[in-house]
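The structure appears below as structure tokens.
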Amino acid sequence: MPVYTPTRLRRTGCPAAAKPPWLVTAAPQPSVMERMTRALEQGRLSTVCEWAVCPNIGECYSRGTATFLILGRVCTRHCAFCPLATGGPGEPDAAEPERVAQMVRSLRLEHVVITSVTRDDLPDGGAGHFAATVLAIKKICRGTSVEVLIPDFQGSRRAVATVTGAGPDVIGHNVETVPRLYPAVRPGAGYRRSLDLLALVKQTAAGVRTKSGLMLGLGETEDELKRTMRDLRRAGCDFLTLGQYLQPDENHHPVVAWITPEQFGLYRDVALDLGFKQVLSSPLARSSYRAGEMFRRGLPL
Amino acid sequence: MAHSLCMPKLGATMEQGLIVEWYRHEGESIHEGDFLVEVLTRKASFKVQSPLTGTVYKILAAAGSIVKVGLPLAVLAGAGDEEAVLHRVAGEAERLWTGSEITPEVYACPVDPPH
């Protein structure tokens, strides 16, 4: 695998400048940031863009799009890559689905991605809240396609049926990394459980597009990545995203490797050869990055 | 019109940012939209654009400084700005640093850069 040498480190004398230049993005203009922040505050809504400090926030907010984070901002798991707080979340806000729908309408989104923290504390894992959000959007935003990026619901068939029953257009669930790294990266999750969840979605709703994503640079090998891609295809996964892992802070899993754009390009070719319908593979690719374009290009299956 | 370029808030949990590199230096001409400075949050790196066409009058936070969100990084001069006005704006901007909980310091990388 090609190794990135941080030449900027020497030029600036600043250790943090070791980050490769291809990962540096344009900050949103203050007016763009203020407008979106105000709208979100008024709607009492959160975006994963802001809470996960996404590098694409400038591009997405400038285009007037965002990925909504429902069911609170406190997670019941403690994954080593995620900056969201861990602990005991409160009761779901029953009015949140309606507010999300209103925001989607006000932003005039053609495609929206909804995701959440993992809610192992709830009997249905939050599946009902996801379904209510999808239905609320579909009710007042006709023509808007809805993508949900769901937790594993601890493998619950009933939870999956609840979500698919609401009729989302895309159901995503990220495997995040290769199985060997699960104990270190996703200690509360199971690789097989995540694959089974994706397969279950297809069994439950054959027409829905399924999607998954991995973060690269956590220490996976090329062979492990290719095996994981094959596993995802066997689970019927349609769309794939591959992006560079970024460490939220020193308390999280370190970045083991900077994967070059060229290497991401090679992985995209491998994924397409394996039969994924759509693949987004680049350093700054994220699960919901340009999701609308991926969905539209992926029609029909 | 003289403008204080401040450390932007680029995420809900962002409280401070590191100045990685200035792309433009004091006295250089700039255009609206030009990338002026690279800022590192704990996770991501961003290039901050110039909001105006003019010159970089004064840089207040050198590369390697950690700066609290909202504090001024530089003073930018627009066309026709008088020296006296710029001097006053720069003075006001520098005073904002006084009493700040976070003072400029050289960043210590918490982990070895990956290979």
Side-chain angles (χ1 to χ4, degrees), chain A residues 1 3-6 8-9 11-31 33-34 37 40 46-58 61 69 73 81 83-85 217 219 245-259 284, chain B residues 3-23 25 32-52 59 61-67 69-74 76 104-115:
Chain A
M1 189 182 295
V3 173
Y4 169 70
T5 308
R8 294 192 320 148
L9 178 63
R11 198 169 81 236
T12 64
C14 173
K19 193 168 285 184
W22 58 75
L23 292 171
V24 184
T25 58
Q29 292 284 16
S31 57
M33 199 73 187
E34 282 164 21
T37 304
L40 291 166
S46 305
T47 65
V48 77
C49 324
E50 288 193 48
W51 285 89
V53 196
C54 180
N56 300 319
I57 191 169
Y61 274 20
L69 182 68
R73 300 191 294 247
F81 60 87
L84 289 168
Y245 166 67
L246 295 173
Q247 185 185 26
D249 62 44
E250 58 273 26
N251 298 318
H252 289 78
H253 198 290
V255 175
V256 176
W258 299 119
I259 312 301
L284 289 163
Chain B
H3 178 91
S4 288
L5 182 76
C6 296
M7 175 62 77
K9 188 172 176 66
L10 299 163
T13 54
M14 180 178 170
E15 294 176 352
Q16 60 193 43
L18 166 74
I19 306 294
V20 175
E21 182 178 3
W22 281 96
Y23 299 137
H25 303 284
E32 183 179 345
D34 283 355
F35 292 119
L36 297 185
V37 60
E38 182 178 323
V39 168
L40 178 78
T41 70
R42 286 186 149 202
K43 180 175 171 183
S45 295
F46 295 95
K47 294 180 282 189
V48 180
Q49 292 170 276
S50 172
L52 55 77
I59 288 176
S65 307
I66 295 175
V67 182
V69 164
L71 281 180
L73 307 176
L76 309 177
E105 58 183 273
V106 175
Y107 184 79
C109 196
V111 291
D112 290 333
H115 300 291

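Lettering follows sequence order; numbering is per chain, from 1. Only this structure's heavy atoms are used, side chains among them; waters, hydrogens and symmetry mates stay out.
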- Query: Which bit of A:Leu246 comes within less than 4.5 Å of chain B, counting heavy atoms only: side chain, backbone, both or neither?
  - Reply: both
- Note on the structure: Cut-off 4.5 Å, heavy atoms of chain B, and the answer for A:Cys49 is neither
- With sequence neighbours excluded, tell me which residues meet side-chain hydrogen bond (donor to acceptor under 3.5 Å, both in side chains) with B:His3. none
- Between atom CG of B:Leu36 and atom OG of B:Ser50, what is the distance when rounded to the nearest 0.5 Å? 4.5 Å
- Any idea which of A:Val53, A:Thr25, A:Thr37 has the most non-hydrogen atom pairs under 4.5 angstrom with chain B? A:Thr25
- Note on the structure: Ranked by heavy-atom pairs below 4.5 Å to chain B, first place among A:Ala26, A:Pro83, A:Ser31, A:Pro28 goes to A:Ala26
- Flag side-chain contact, heavy atom, 4.5 Å: B:Val67 against B:Val39: no
- So which of B:Pro51, B:Ala12, B:Cys6, B:Ala44 has the largest heavy-atom pair count under 4.5 angstrom toward chain A? B:Ala12
- Note on the structure: Ranking A:Ala52, A:Pro30, A:Gly217 by heavy-atom pairs under 4.5 Å to chain B gives rank one to A:Ala52
- Message: I need the A:Cys54 SG to B:Leu10 CG distance, nearest 0.5 Å.
- Response: 11.5 Å
- Note on the structure: side-chain hydrogen bond (donor to acceptor under 3.5 Å, both in side chains) filter on A:Ser46, not counting sequence neighbours, yields A:Arg73
